[in-house]
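This report concerns only the one structure given below.
All chains are named by letter (A, B, ...) in the order of the sequence lines, taking the proteins before the strands, and each is independently numbered beginning at 1. Because only heavy atoms are used, hydrogens play no part in the values below, and waters and symmetry mates are left out as well, while side chains stay in.
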2 protein chains.
Amino acid sequence: MPKSALAQQPHWKAFASRRRDPTTKREAVLKTAAELFLEKSYGRTSLDDIAERLNITKPALYHYFHKKEEILLECYRWGTGLIEESLTEIAGSAGTGLEKVAAFVYSYANVMTVNFGRCVMRLDEGDLSTQALEEVRTYKRKIDRRLRSFIQEGIRDGSIAPCDPKIAAFSIAGAVNWICMWYEPAGPLTAEEIASQFARTLTQGLARRKPDSLRRAAPAGPSAD
Amino acid sequence: MPKSALAQQPHWKAFASRRRDPTTKREAVLKTAAELFLEKSYGRTSLDDIAERLNITKPALYHYFHKKEEILLECYRWGTGLIEESLTEIAGSAGTGLEKVAAFVYSYANVMTVNFGRCVMRLDEGDLSTQALEEVRTYKRKIDRRLRSFIQEGIRDGSIAPCDPKIAAFSIAGAVNWICMWYEPAGPLTAEEIASQFARTLTQGLARRKPDSLRRAAPAGPSAD
DNA sequence: GCTATATCTTACCGGGCGGTAAGATATAGG
DNA sequence: CCTATATCTTACCGCCCGGTAAGATATAGC
């Protein structure tokens, strides 16, 4: 069962005693659910699976959630909350549009290495009810608009080359979103490494900058962090 | 291949007559299956769904496939075949590493707008048997290695700035892979537009290449890059 | 027409899983 | 201790869906 030794203590300890804080237990359910959803997908994760990992039985889950889908939705909400947090501060910060994009990528990439963050982009929206789906979709649109506005800002202030902001945003967001598909906490790459190189590559590009064509009028490159 | 979304006669016509070419029918099953898998996911698509869209009944499908999973695997195979096609020619072509990466992105992005291509990256590998999964994984690794080698080539020939090829490849591949998550044939963006801007943005970056001091003044036309 | 064969349909089974009913059990408060 | 209450378990239902059995039907070749 214990996948990696380094991991935090198992969530089922929250259920060791009956009179333990119910809020803690609810969170424990959510965390193990998120784990399993990422391991096996929502569809292939049964309520029995979740219960088993928590050392309880399926019906006990219904003390904290009404339906399976509610667990899923709460995972989405937790994840979007994380994204929201990191994005609001960027929007308020100063800097060119390009710098904001870099900051966006750095920050967003970090969230994509956290389980709840990964859930937001990796889990299948089709498992949500139409109402919940609308909620999630609305939030995702918000993220996209945020990024797109940074790009437009950059085009206006001259830090970003003219382009279709919509496609550019899809490109950048896609690269970052995809992190949730391959990132593994136990893997060789740290979140920090990924985030910083993504921020650089996606803004500056792969291509080598030719020093002769550059005027050092521009004060250094935008650094992410 | 008609580009307009409206065209393309429905696949169920392949089953109009009993004595129609079985190969055509098999392909018709595959194509409608791919459609449905992309619309509803593999898990939520029942064999009855597929059969219904083909105006036949479920057991008829078993004349062409042994199990549901086989249909899925064949979708993967068709898709990887498409990718293979477009990648081999690039590898052989001349040019700098950076140019090859650009060609890779352009070509690969185009495949990601075709149903079978989308299946490869969008469908859940967890629905495959361990054996089939190994096959698909192997193929995906091959793609990744190809891209990574282009990047390394570019670093060597000086067309690409020094970086970790592994992370860079993840970044680029991710952006392109994600296309299959949002692209819609009936949507406003054409495959051509997407592919060409992706190729440019991902190699050259967002950042304005030539830092001309004019900030607001319209740069009178050019910047055609 | 008649027959052989591939093709397709109707009817059905069984397992997995979300969800529920009803009863057991632990704990706080008196 | 005793009781009230929240918490958890055992047992079970019903639906969905992949897969199968067995029989119907269309078509080619004679």
For Y62(B) and dA22(D), is the shortest distance between a side-chain N/O and OP1 or OP2 below 4.0 Å? no

dC8(C) phosphate, OP1 or OP2: any side-chain N/O from K25(B) under 4.0 angstrom? yes

Check whether any side-chain heavy atom of E84(B) lies under 4.5 Å from a side-chain heavy atom of T88(B), and answer yes or no. yes

Pull out every residue in residues 38-46 of chain B that has a heavy atom closer than 4.0 Å to any atom of DNA chain D, ordered by number, or say none. T45(B), S46(B)

Considering heavy-atom distances to DNA chain C, does H66(A) or P22(B) have its closest nucleotide positioned more toward the 5' end? P22(B)

Between S107(A) and N110(A), do the side chains contain an N or O donor and an N or O acceptor separated by less than 3.5 Å? no

Between atom CD1 in I50(A) and atom C1' in dC17(C), what is the gap in whole Å? 12 Å

Specify the residues of residues 54-61 of chain A, ordered by number, for which at least one heavy atom lies under 4.0 angstrom from an atom of DNA chain C. K58(A), P59(A)

With the side chain counted from C-beta on, respond yes when E89(A) and S93(A) share a heavy-atom pair under 4.5 Å apart, and no when they do not. no

Check: R26(B) and E74(B) side chains under 4.5 Å, non-hydrogen atoms: yes

With sequence neighbours left out, the residues meeting side-chain hydrogen bond (donor to acceptor under 3.5 Å, both in side chains) with Y108(B) are N177(B)

Whole angstrom value for the distance that separates P of dC17(D) from CD of E69(B): 19 Å

If only side-chain N and O atoms count, and only distance matters, is there a donor-acceptor pair under 3.5 Å linking Y76(A) with E125(A)? no

Counterpart base for dA21(D), defined by Watson-Crick or G-U wobble contacts under 3.5 Å: dT10(C)

note: Y64(B), atom OH; dG19(D), atom P; distance rounded to Å ~ 18 Å

So, applying side-chain contact (heavy atoms from CB on, under 4.5 Å) with I151(B), which one of V101(B), D164(B), I167(B) is it? V101(B)

Check the distance between dT9(C)'s P and E52(B)'s CD and give it to me in whole angstrom. 13 Å

D48(B) CG to dC15(D) P: how many Å, rounded? 17 Å

Side-chain atoms of K68(B) come closest, of dG18(C), dG18(D), dT7(C), to dG18(D)

Using a cut-off of 6.0 Å, state whether more than 12 heavy atoms not belonging to E52(B) lie near its atom CD. no

K67(A) NZ - dT20(C) P separation (whole Å): 10 Å

Between C1' of dT20(C) and NE2 of H63(A), the distance in whole Å: 12 Å

Starting from P on dG19(C), measure out to CD on E70(A) and report it in whole angstrom. 10 Å

Pick from W78(A), F116(A), Y42(A): which one makes a ring pair (Phe, Tyr, Trp, His ring centres under 6.0 Å) with F37(A)? Y42(A)

